[in-house]
Amino acid sequence: YKLDMEKGEGLKFAKDYQVNAYPTLIFVDARGDLVQKAVGALPAEKFLDLGKRVKEDGMMSISAMIRKFESGDYDRKFLHGYLLRVAEARLPYNEALEAYRPYLKGENLKEKESWEIFRKLFKRSDTEEFEYFKEHQAEFIELYGKDPVQKKMVANYSFDMFMAIREQDDKRYKQVRKGMKKLKYQNIDQIVGMQDMSYYQSKRNWKKFAKTAIKTVDNMDIQDPGFLNNVSWTFYENIAKEKYLAHAVKWAKTSVQLAPGYYNMDTYAMLLHKVGRVEDAKVAARAAIKKAKEEGENPEATEQALEKMWR
């Protein structure tokens, strides 16, 4: 059954089942209890696997699990499974994670079940658990492999840097950044550089943003056309120096080469015009307009820009 979560009966349904993103798959039983929930588009194979788990394994409903957790009558095994289920369903789990923290203390953190919860759900770097993980990194690598351990280390620092930017906590950002830099992993400078780009953008310090972006993006083999387009457009809107814009022109061109679409083709055209390559800009703008019509997009902004190019 399909519902529009933004009108009619969908509004109440979205509130009752905490639907905050689309698409969301909801499995309910005859009583209306939430059995399982999956957020985001799933490949056919994973969708079928999810359906089989719900149907064949006698899966306890999430609603029943929530009631059991709230009763306080549970053991570690239940709490472990509960955390993974509610996290998968993108439901609040902070209270349950707090209840699980005794199993993440000291040597306990090395246990398979504890490591799984820590790796998947524990995000902060300013905790006793993370300090233990950092101090015993070599032992975790021996147990679980270098790649997962290093990814976890970077993920926690990155999350705290993101939160510091969002909360405008400059002191915290610099503190966490210093910890990240000490890791000495391969490509750590580029990872920190990406965070610094977000930091300077939030401060609207466009000179430092431009210099950091150039140093970072030019030293990475980025194959994400959307990211390249976003950075290029930010340069178009906020950067004036031609020597900086030349880098954005290159990134926008790469974005178009990777996955030509109206928006990145428009970005490329606008940047060409901004650096004074007017004839090239006209050609790129016409190509963007053609692509927009093929994709069913509205090319009005590009058409207006092209008209000004002829003046």
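Position 1 is the first residue of the sequence, and the numbers go up from there.
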*Does a side chain donor of either Asn156 or Lys152 reach within less than 3.5 Å of an acceptor in the other side chain?*
yes

*Looking only at side chains, do Arg76 and Ser114 share a donor and an acceptor under 3.5 Å apart?*
yes

*Asn229 pairs by side chain to side chain contact (heavy atoms under 4.5 Å, CB included) with which of Thr234, Asn264, Thr254?*
Asn264

Quick check: are there more than 12 heavy atoms from other residues, nucleotides or ligands sitting under 6.0 Å from [atom1] of [X]?
{"X": "Glu45", "atom1": "CD", "answer": "no"}
{"X": "Lys105", "atom1": "NZ", "answer": "yes"}
{"X": "Glu294", "atom1": "CD", "answer": "yes"}
{"X": "Lys250", "atom1": "NZ", "answer": "yes"}
{"X": "Lys178", "atom1": "NZ", "answer": "no"}

*So, Asp126 and Arg124, do they make that salt bridge, N to O below 4.0 Å?*
yes

*Pro102 to Ala99 - nearest heavy-atom pair and separation*: CD-O, 3.3 Å

*Considering all heavy atoms of both residues, which atom of Lys120 and which atom of Leu84 are nearest to each other, and what is their separation?*
CD-CD2, 4.0 Å

*Step by step, would you call Arg177 with Asp196 a salt bridge (charged side-chain N to carboxylate O under 4.0 Å, His left out)?*
CA-CA 9 Å; Arg177 184 185 187 279; Asp196 285 344; 2.7 Å; yes

*Can you list every ring pair (Phe, Tyr, Trp, His ring centres under 6.0 Å) pair that touches residues 176-205, not counting sequence neighbours?*
Tyr173-Tyr199

*Among pairs that include at least one residue of residues 220-234, which meet salt bridge (Lys or Arg N to Asp or Glu O under 4.0 Å), considering only residues two or more places apart or in two chains?*
none

_From CG (Asn219) to CD1 (Ile214), nearest 0.5 Å_ = 11.0 Å

*His136 and Tyr132: aromatic ring centres closer than 6.0 Å?*
yes

*So, Phe235 versus Phe209, ring centres under 6.0 angstrom or not?*
yes

*Identify the residue among Trp115, Phe122, Tyr157 that makes a ring pair (Phe, Tyr, Trp, His ring centres under 6.0 Å) with Phe133.*
Trp115

